[in-house]
Amino acid sequence: MNEISTTDNSAPGRRGFLATVGAAAGAFSLGWSLPAEAQAAAPAAGVEVGIWAVIHPDNSTTIRIARSEMGQGTLTGLAQLVAEELDADWSKVRAEYIAPEENFARNRAWGDMSTGGSRGIRASVPYVQKGGAAARMMLVTAAAQKWGVPEAECSTASSVVTHAKTGRKLRYGDLAAAAAKLPVPAEVALKRHADWKIAGKGVKRLDTRDKLNGRLVFAIDVKLPGMLNAAIAQCPVFGGRLVSFDAGAIQAMPGVRHVLRVDDVSVAVVADKWYQAKTALAAMPVVWDEGPNSKVSSTSIAAFLKDGLDATDAAVGHKYGDAAGAITGAAKKVEAVYATPFLNHATLEPMNCTAVFKPDLVEIWVGSQNGDASLAAAAEAAGLKLSQAKVHKHHLGGGFGRRGQQDYVRQAVLIAKQIPGIPVKLIWSREEDMQHGFYRPITQAKMTAGLDAQGNVTGLHMRISGQSILAYLMPTRMENGMDPVQFQGLAAAEFGYLAIPNLLIDHAFRNTHVPVGFWRGVNTNQNAVYLECFIDELAHAAGKDPLAFRRTLMAKNPKQLAVLNAVAAKAGYDQKLPGGVFRGICQYTGFGSYTAAVAEVTVSKKGELKILRIVAATDCGIAVNPAQIAAQVEGSFGYGLSATLYSECTIEAGRVAEGNFDTYEVLRMADMPKVETIVVPSGGFWGGVGEPTIAVAAPAVLNAIFAATGKRVRSLPLKHHDLSHA
Amino acid sequence: MIALTINGRLHEVDATPETPLLWVLREWIGMTGTKYGCGVAQCGACSVHVDGAVTRSCSVQVGQIGNAKITTIEGLSPDGLSHPVQKAWDAFEVPQCGYCQSGQIMAAAALLKSNKRPSDADIDAAITNICRCGTYPRIRAAIHAAAKMVQV
């Protein structure tokens, strides 16, 4: 055995430990609220009226949140929806997470905790609104019974029930105990959006203040009595294994307590401090079996994908008419091949999880995009029942899809299980985080189209070749051998150019050994680069303006066209730009929302690119918080332009070559353009917000670069391209 | 033992001299407002002030600090909200996930100490911290607003 153990096992007993933790974070853990005075002291215990709202004696309201907050503002938006239907006093609203074990114990009463796919609000809407409305009705009934008046004569506003005829008023805080005893009504009427006072407004976020002074406790900041810290090394080559490690070589290093095999592919050093664990781990000789993939490189993967561009075996995502025939018979044929690389999510808070294992309980502290899944992963890794697991949810220092996976939760529990009773915090170094992600999948696309003599598109064939997320992560969700996620923004319900008379969009699977996953915006990002740049190519080949050309192709897509027109108007598309400034335009659909963008750039003769201005529009149907939607759209360009300009994970000898932000470069202040956002909610549907606008960042800029230089960039990132021009 | 003056208080820690200041703050002293993001002075999440100068604490050995005075995010203002940069950050709702913001705020506060009215170019040069949520436009706007507050 390689394990050593120098621990004195003097960690506090369970009772003392839980008492300490309970003081900081109970089953209904940390709360976030608007008013400073409400934050300073927790209110007296409240009464649950329905399951979504707790009403306190001071007439303040705590609203339960099942989804996770990772910066996208969902915590505030969901609280707005409940508070609106509840007619709560918004100045006295706070929000708190419902614990996953509570959700499990109560038959998932709070619904799905998964926070991804820009579903945080739109998928929660039906039940959180009803929850707020039901609580309001219970409070009204309680007041009506107390006064002996018909419920219909009572009205509510700002956490007070009023009987107008007699001028009597009762605060929710004084009614909650009686209301809580009433049955939760099954049938409730929701407000008309025109009557909204809290929802639909750009109210301030509930979670800002603790982010201004270091007080917000992210999972990486958790402190528990007797806690040790773990650093982990995973086999650098995906598919390889851990063979052996020389624990004796580092046994005497400062703080080292244990060296533990975590699973088949990873080893951890546990020390008093994480810095000590990390330092010792770096000094320990480790032997890996790199397995069958140690010769794979970005070059070999590119060749593998290129082969898929003309392969006969492909899954069809969207097809009508006869694209091949229409292209063959066209006056002019246009063809181009595009490529995008693997990308890491690079959340600024690296993966981490704190766990303590006891024979009958596993408890974890984690930033997770899916509390239910974290509960299940912890229980499974511990070998315990779901009812023997507890999850303390913390705000995420970035999620972007990465924290939907539970690998780091499993590892923390597998480590904790080997030192029972002792809390251990596992933190990944930035290098581990960079080299063990679930990467945005690598794809290429061959775009082929026909133009008739007048420059009209006769047919379009889009062949995607590359890695499928569902084939890797959740093959049961494949549909007859087709990965629907591969075709985001391209399927019949989303494709923006239905006036193209003949269409074929298909995908040749070329799955590599590299783990892939959902990266903010997922495949809309790559697909938008391919489609929106190629449409621009077609416009130029047809001798037409890219906006006018799109308008023709979008004749059957009024929703998308309206957003495109909105962005063109705001950007002043019909006006001449100053000398040296050029613009690009694009649109895309994803996550139930319609987006469009215009980029204005300069490119010097030497090839220096400056993105001056972005105008972006989104139609998410119904806007719950327009101010936060604007923040998400702005931020989307930080994420999307990082991928456009700099970021790339290259594969060398089977592993990711980049280890830190010196080689995996991301956008910083100096490169961030001014972003003007137009939120154009057309009503009638609930679209996503956190992800859809990222897709339009790259094509808008690439199309502007073409306008400026005549150079068509067909692969990302831009740092590899020489943009110099005559 | 190494003695450090942090936010006006003297701390004695039993860390080895080569231990980075970041980890001494977080693990020896328990002040977790200063964040780990990269460990190689790339991201700026660990920014603190050392004798008033913005410093990436992941890349400073604690043995090299001597008598210099350290200010962390916890010590920027007495109530954690009243420094002009914190007020401007609140007004513009800068944070999204918030993880980088301790470092961004410390970098902005140091900039305003040396440059009362920074231009956009000054901000570009001084604020090189990474924000993955893309809050840069609001950081810029908030720095300009904080500069005005300082001048009043």
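Values reported hereafter were calculated over all heavy atoms of this structure, with side chains retained and with hydrogens, waters and symmetry mates removed. The chains referred to below are lettered A, B, ... by the order of the sequence lines, with proteins before strands, and numbering in each begins at 1.
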Heavy-atom contact with chain A under 4.5 Å, split by part of T34(B): neither

List the steps and the verdict of salt bridge (Lys or Arg N to Asp or Glu O under 4.0 Å) for R205(A) and E69(A). CA-CA 11 Å; R205(A) 295 175 70 114; E69(A) 178 59 53; 2.9 Å; yes

K87(B)/D90(B) salt bridge by N-O under 4.0 Å criterion: no

Quick check: do L641(A) and P673(A) have side-chain heavy atoms less than 4.5 Å from each other? yes

Give the ring-plane orientation class for W23(B) versus W274(A), where under 30° counts as parallel, over 60° as perpendicular and anything between as tilted. tilted

Has E432(A) got a side-chain atom pairing as donor or acceptor with A233(A)'s backbone, closer than 3.5 angstrom? no

Honestly, the part of Q72(A) sitting under 4.5 Å from a heavy atom of chain B is neither

Flag the one option from V666(A), V675(A), T347(A) with the top tally of heavy-atom pairs under 4.5 Å to chain B. V666(A)

Pick from M672(A), M669(A), K211(A) with the largest number of heavy-atom pairs that fall under 4.5 Å of chain B: M669(A)

Using the rule side chain to side chain donor-acceptor pair (under 3.5 Å), only one of Q101(B), E93(B), Q104(B), R140(B) pairs with T135(B); which is it? Q101(B)

Mind ranking G33(B), G134(B), C97(B) by heavy-atom pairs under 4.5 Å with chain A and telling me who comes out on top? C97(B)

Examine distances only and state if a side-chain atom of Y664(A) and a backbone atom of M434(A) form a donor-acceptor pair shorter than 3.5 Å. no

Structural part of D221(A) lying under 4.5 Å from a heavy atom of chain B: both

Step by step, work out the salt bridge (Lys or Arg N to Asp or Glu O under 4.0 Å) result for K674(A) and E676(A). CA-CA 7 Å; K674(A) 185 167 82 168; E676(A) 296 167 35; 3.7 Å; yes

When you measure from the side chain of N660(A) to the backbone N and O of C38(B), does any donor-acceptor pair fall under 3.5 Å? yes

Under a 4.5 Å cutoff for heavy-atom pairs, which residue among R26(B), Q42(B), R132(B), M106(B) has the most contacts with chain A? R132(B)

Which atoms of N229(A) approach chain B - backbone, side chain, both or neither, heavy atom under 4.5 Å: side chain

Chain B contact via T279(A) - side chain, backbone, both or neither, heavy atoms under 4.5 Å: neither

Which one wins on heavy-atom pair count under 4.5 Å against chain A: P95(B), C100(B), S102(B)? P95(B)

Of the backbone (N, CA, C, O) and the side chain (C-beta and beyond), which part of I220(A) lies under 4.5 Å from a heavy atom of chain B, both, or neither? both

Is it the side chain or the backbone of A91(B) that comes within 4.5 Å of chain A heavy atoms, both, or neither? backbone

Using non-hydrogen atoms and a 4.5 Å limit, figure out which bit of L76(B) sits close to chain A: side chain, backbone, both or neither. neither

Below 4.5 Å, heavy-atom pairs only: which of D662(A), D272(A), L348(A) has the largest tally toward chain B? L348(A)

Under a 4.0 Å threshold between the charged nitrogen and the carboxylate oxygen, would R403(A) count as salt-bridged to E349(A)? yes

Top residue by heavy-atom pair count (under 4.5 Å) with chain B, among R430(A), K273(A), Q632(A), K278(A)? K273(A)

Region of F661(A) in contact with chain B, defined by heavy-atom distances below 4.5 Å: both

Could you tell me which of P254(A), G73(A), A346(A) has the largest number of non-hydrogen atom pairs under 4.5 Å with chain B? A346(A)

Taking every non-hydrogen pair under 4.5 Å, which of N129(B), D79(B), D124(B) racks up the most with chain A? D124(B)

Less than 6.0 angstrom separating the ring centers of Y275(A) and W28(B), yes or no? no

